[in-house]
There are 2 protein chains.
Amino acid sequence: MDPARSTDPAGWAERRPASDPAPAPVEAPPHVPGERDDELATRLRVAVTRLNRRLRQQSLAGLSPSQAAALGSINRLGTPTLGELALAEQVQPPTMTRLVAGMERDGLVVRFQDEQDRRVWRVRLSAEGRRTLQRIHRLKNAFLTRQMAALDEEERARARELTELLERLVADR
Amino acid sequence: MDPARSTDPAGWAERRPASDPAPAPVEAPPHVPGERDDELATRLRVAVTRLNRRLRQQSLAGLSPSQAAALGSINRLGTPTLGELALAEQVQPPTMTRLVAGMERDGLVVRFQDEQDRRVWRVRLSAEGRRTLQRIHRLKNAFLTRQMAALDEEERARARELTELLERLVADR
DNA sequence: GACATTAGTTAGCACAACTAACTACAATGG
DNA sequence: CCATTGTAGTTAGTTGTGCTAACTAATGTC
């Protein structure tokens with residue numbers, strides 16, 4: 001009944017007070033997505049939330065992270081429609097409308113109407129957009145690059161694999 | 001001179017159109033935090049941005065991700081001051097003021113003034129806050145847990161490493 | 001040609017981050 | 001002992017990013 005009780009309130013005291021008998025290892029039944037995976041999910045969520053925050057704090061050549069990401073997608077996709085772009089970036093259409101509006105205002109992209117289907121608008125990078133993308137790329141990953149430079153050789157190789165994993169986690173639906 | 005050209009604008013066309021002669025492989029110089037690390041940093045940044053977006057879309061027992069993270073920190077730290085909490089969460093003081101105000105309004109935490117230094121305010125979890133933290137923990141990492149369930153045994157082990165890496169990347173200054 | 005579908009936009013909401021400027025209290029030093 | 005300096009937190013205002021609901025305009029279909 002007492003809500004503040006015996007076992008760790010949330011079950012994931014990193015750095016636990018060491019005054020806790022640790023009730024029982026409770027190893028998971030063979031394979032069910034048990035406690036341990038759950039704790040892992042939480043830690044991953046928290047780490048991602050914070051890292052994201054840090055990344056937003058770094059300016060990316062004057063672009064917001066969302067703009068920077070969208071710019072990258074446009075570069076990759078060539079002349080996507082707004083819908084394709086929204087899909088690629090996993091945002092809803094209105095969000096992409098606004099994002100692109102801002103980038104157009106800033107001269108990073110050009111919008112143009114599709115010939116075949118006049119409901120459709122496409123975007124492509126402007127020369128300025130390409131320059132900016134290069135700048136972001138070359139100079140503005142400073143934070144992560146610096147942080148990663150602190151890793152040793154082997155860890156850095158690992159980082160590559162792990163990034164791929166992360167991409168996979170976020171990718172499929 | 002012409003800004004639009006010859007080499008790939010940003011140097012990381014995943015899935016290039018295949019209609020492109022691919023000017024020259026341009027392999028990176030040996031070891032300096034060069035192109036390759038830079039590309040990795042970009043990919044990591046993009047993946048984190050997107051995953052974060054996905055996570056925000058998932059509700060966490062009615063809390064925002066920031067609230068959820070802060071709740072976790074409070075649980076870990078006990079009775080932190082707002083400043084300590086802001087530091088832990090790597091946000092500016094005003095952000096933490098508002099975050100805590102919201103959590104207090106929602107009955108998740110209790111604010112109280114420090115005895116020694118009356119400029120200082122501390123927070124602790126309420127019973128409700130503890131319950132919510134449990135709920136978040138047990139039930140509401142659905143998205144990530146689900147995504148991770150799709151991984152095989154060995155990949156899941158790597159997910160753990162990934163998380164540790166992210167924690168390290170975000171941790172030190 | 002009426003009707004349904006699709007692409008994108010507009011409007012309005014909520015949240016999360018920031019900086020600058022402020023209040024309240026504490027600590028220090030003539 | 002009080003004036004100054006420093007520190008903790010708040011208030012105000014801005015920006016960015018996401019959403020849903022409701023709309024316009026074009027397309028496709030029967």
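Chain identifiers are assigned alphabetically (A, B, ...) following the order of the sequence lines, protein sequences preceding nucleic acid strands; residue numbering begins at 1 within each chain.
Remark: A:Glu155 pairs with B:Arg168 by the side-chain hydrogen bond (donor to acceptor under 3.5 Å, both in side chains) rule, at least two apart or across chains. Scanning for side chain to side chain contact (heavy atoms under 4.5 Å, CB included) contacts around B:Thr163 gives A:Leu40, A:Arg43, A:Leu44, B:Glu167, with sequence neighbours left out. Take B:Glu161 and apply the side-chain hydrogen bond (donor to acceptor under 3.5 Å, both in side chains) test, not counting sequence neighbours, and it matches A:Arg158. Considering only residues two or more places apart in sequence or on other chains, A:Glu89 meets the side-chain hydrogen bond (donor to acceptor under 3.5 Å, both in side chains) condition with A:Ser73, B:Arg50, B:Arg53.
Under the salt bridge (Lys or Arg N to Asp or Glu O under 4.0 Å) criterion, the residue pairs touching residues 117-127 of chain A are A:Asp114-A:Arg122, A:Asp117-A:Arg119, with sequence neighbours excluded. The stretch residues 91-101 of chain B participates, sequence neighbours left out, in no salt bridge (Lys or Arg N to Asp or Glu O under 4.0 Å) pair at all.
Rounded to 10°, the angle separating the first-five-pair axis and the last-five-pair axis of the helix from C:dG1-D:dC30 to C:dG30-D:dC1 equals 0°.
Summarising the geometry, the separation between CD on A:Gln67 and C1' on C:dA17 is reported as 15 Å, rounded to the nearest angstrom. Regarding A:Trp121, its CH2 atom lies at a distance of 8 Å from the P atom of C:dT9, rounded to whole Å. In this structure, CG of B:Leu82 is placed 12 Å from P of D:dT11, rounded to the nearest angstrom. Put simply, CG on A:Leu85 is 10 Å from P on C:dG8, counting in whole angstrom units.
At the phosphate of D:dA8, neither OP1 nor OP2 sits under 4.0 Å from any side-chain N or O atom of B:Thr81. Of the side-chain N and O atoms in A:Ser66, none sit less than 4.0 angstrom from OP1 or OP2 of D:dG16.
Taking every heavy atom of residues 96-106 of chain A and every atom of DNA chain D, pairs under 4.0 Å involve A:Arg98, A:Leu99, by number.
Side chains of B:Leu85 and B:Val123 form a contact here, defined as non-hydrogen atoms less than 4.5 Å apart. By the 4.5 Å heavy-atom criterion applied to side chains, B:Pro93 and B:Leu82 are not counted as neighbours.
Nucleic acid contact for A:Arg122: none, since no nucleic acid atom lies under 4.0 Å from a heavy atom of the residue.
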N/O donor-acceptor pairs under 3.5 Å from side chains in residues 103-112 of chain B, not counting sequence neighbours:
none

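B:Gln113 CD: more than 12 foreign heavy atoms inside a 6.0 Å radius.
Hydrophobic clustering places B:Leu77 together with B:Leu133 (ILVMFWY residues linked when any side-chain heavy atoms are closer than 4.5 Å, directly or through intermediates).
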Close N/O contacts between protein and nucleotides 20-27 of chain D (under 3.5 Å):
| unit_1 | atom_1 | unit_2 | atom_2 | d |
| --- | --- | --- | --- | --- |
| D:dT27 | OP1 | A:Arg118 | N | 3.2 |

